[in-house]
Amino acid sequence: MSEMPKFAVIVFPGTNCDFETVEAIKKAGGKAERVWYKSSLKDFDGVVLPGGFSYADYLRAGAISARAEIMEEVKALASEDKPILGICNGFQILTESGLLPGALRPNKVPRFLCKWVYLRVNDTQTAFTKFYEEGEVIRMPIAHAEGNYYTDSPKVRIVFQYSDEKGKITEDANPNGSILNIAGISNEKGNVLGMMPHPERASDKWLGSEDGLKVFKSMVEYVRR
């Protein structure tokens, strides 16, 4: 591994958050490269599946991208404990591919949501949350129509939950109907994270919040160690 970890930001037809994600990774101290979905992931230290509407959410959000050949490489990297981050559409792809349990369903109120939300950090032992404190309340934007997370797994590892600004988990703070107010989960090892809020859109004070930058800083530091 090089001194500066290098991350692939995978671009599918319809991806629209790739440039912002690359810039956030660079600001966090890593290298990042936009990688077309028909390319190779050789020599990358981690992967980010960014937001957007891959294949126009045809069939189901993330369903077609999850079956792309490059996802076999993503699964291989995950098995090597390399960090895999899925944001919004990327989270949908991770569930569709089986890298994370559960599914993202249409929002409880069936319309597109684009707003800022508060999140409570529940798990600081993942590759993406080292720089947060347990119970910390952070602020990020959401932008999705299918963010209603559901699982019947009793072992889901909850990393972020929708909350009010004081960190209280309430029904009113849940924007999309997700079970247990879930906004982000990880696999058991903690090296695969899916989240509906957009940390790349909260990575600079000029964007309204820097709370998301810690996701990328944690990811970079995880690879360095």
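Note that the numbering runs from 1 along the sequence shown for the chain. These values consider heavy atoms only, across backbone and side chains, with no hydrogens, waters or symmetry-generated copies. Note that this is a predicted model, so its numbers are computed, not measured.
- Asn174 and Glu171 are not linked by any side-chain donor-acceptor pair at a separation below 3.5 angstrom, with hydrogens and angles left out of the test.
- The six-membered or imidazole ring of Phe7 lies away from that of Phe216, with a centre-to-centre distance of 6.0 Å or more.
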Exercise for the section: Applying salt bridge (Lys or Arg N to Asp or Glu O under 4.0 Å), run through Lys6 and Glu33 and close with a yes or a no. Expected result: CA-CA 8 Å; Lys6 183 179 178 183; Glu33 184 178 315; 3.6 Å; yes
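- Contact annotation: the side chain of Ile142 approaches that of Lys115 to within less than 4.5 Å [non-hydrogen atoms, C-beta and beyond].
- Between the OG atom in Ser163 and the CG atom in Asp172 there is a gap of 12.5 Å [rounded to 0.5 Å].
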Practice task
Would you sort out whether Phe91 and Ile185 count as a side-chain contact (heavy atoms from CB on, under 4.5 Å), showing the intermediate values?
Solution key: CA-CA 9 Å; Phe91 186 7; Ile185 64 167; 3.8 Å; yes
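- The closest side-chain heavy-atom distance from Met71 to Leu99 is below 4.5 Å.
- In this structure, Met219 and Val48 have side chains that are in contact, with non-hydrogen atoms separated by less than 4.5 Å.
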Handout entry: salt bridge (Lys or Arg N to Asp or Glu O under 4.0 Å) assessment of Asp81 paired with Lys189
Key = CA-CA 8 Å; Asp81 295 338; Lys189 290 182 177 180; 3.1 Å; yes
Problem - Chi angles and distances behind the side-chain contact (heavy atoms from CB on, under 4.5 Å) call for Leu119, Asp211 - result: CA-CA 10 Å; Leu119 308 171; Asp211 292 346; over 6 Å; no
Practice task
Tell me, with the steps shown, if Lys217 and Glu221 meet salt bridge (Lys or Arg N to Asp or Glu O under 4.0 Å).
Solution key: CA-CA 6 Å; Lys217 284 184 174 180; Glu221 182 66 16; over 6 Å; no
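- Residues Phe128 and Pro199 form no side-chain contact, since every pair of their non-hydrogen atoms from C-beta on lies 4.5 Å or further apart.
- A donor-acceptor pair shorter than 3.5 Å cannot be found between the side chains of Thr170 and Asp164.
- Between Phe112 and Ala145, the shortest heavy-atom contact is CD1-N, 3.8 Å.
- Ile179 is listed as a side-chain neighbour of Tyr149, based on a closest heavy-atom distance under 4.5 Å.
- Below 30°, between 30° and 60°, or above 60°: for Tyr37 and Phe12 the angle between ring planes is between 30° and 60°, a tilted geometry.
- If you run side-chain contact (heavy atoms from CB on, under 4.5 Å) between Val159 and each of Leu193, Asn122, Ile182, Thr124, only Leu193 comes through.
- Note: Glu165 CD to Arg120 CZ = 15.0 Å, rounded to the nearest 0.5 Å.
- Asn176 and Tyr162 share a side-chain donor-acceptor pair at under 3.5 Å.
- Using a 4.5 Å heavy-atom threshold, the side chains of Arg224 and Pro5 count as touching.
- By the 4.5 Å heavy-atom criterion applied to side chains, Cys17 and Arg201 are counted as neighbours.
- Using a 4.5 Å heavy-atom cutoff, the side chains of Arg157 and Val192 are not in contact.
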Practice task
Under the side-chain contact (heavy atoms from CB on, under 4.5 Å) rule, what do Asn107 and His144 come out as? Steps first, then yes or no, please.
Solution key: CA-CA 8 Å; Asn107 296 340; His144 59 251; 3.3 Å; yes
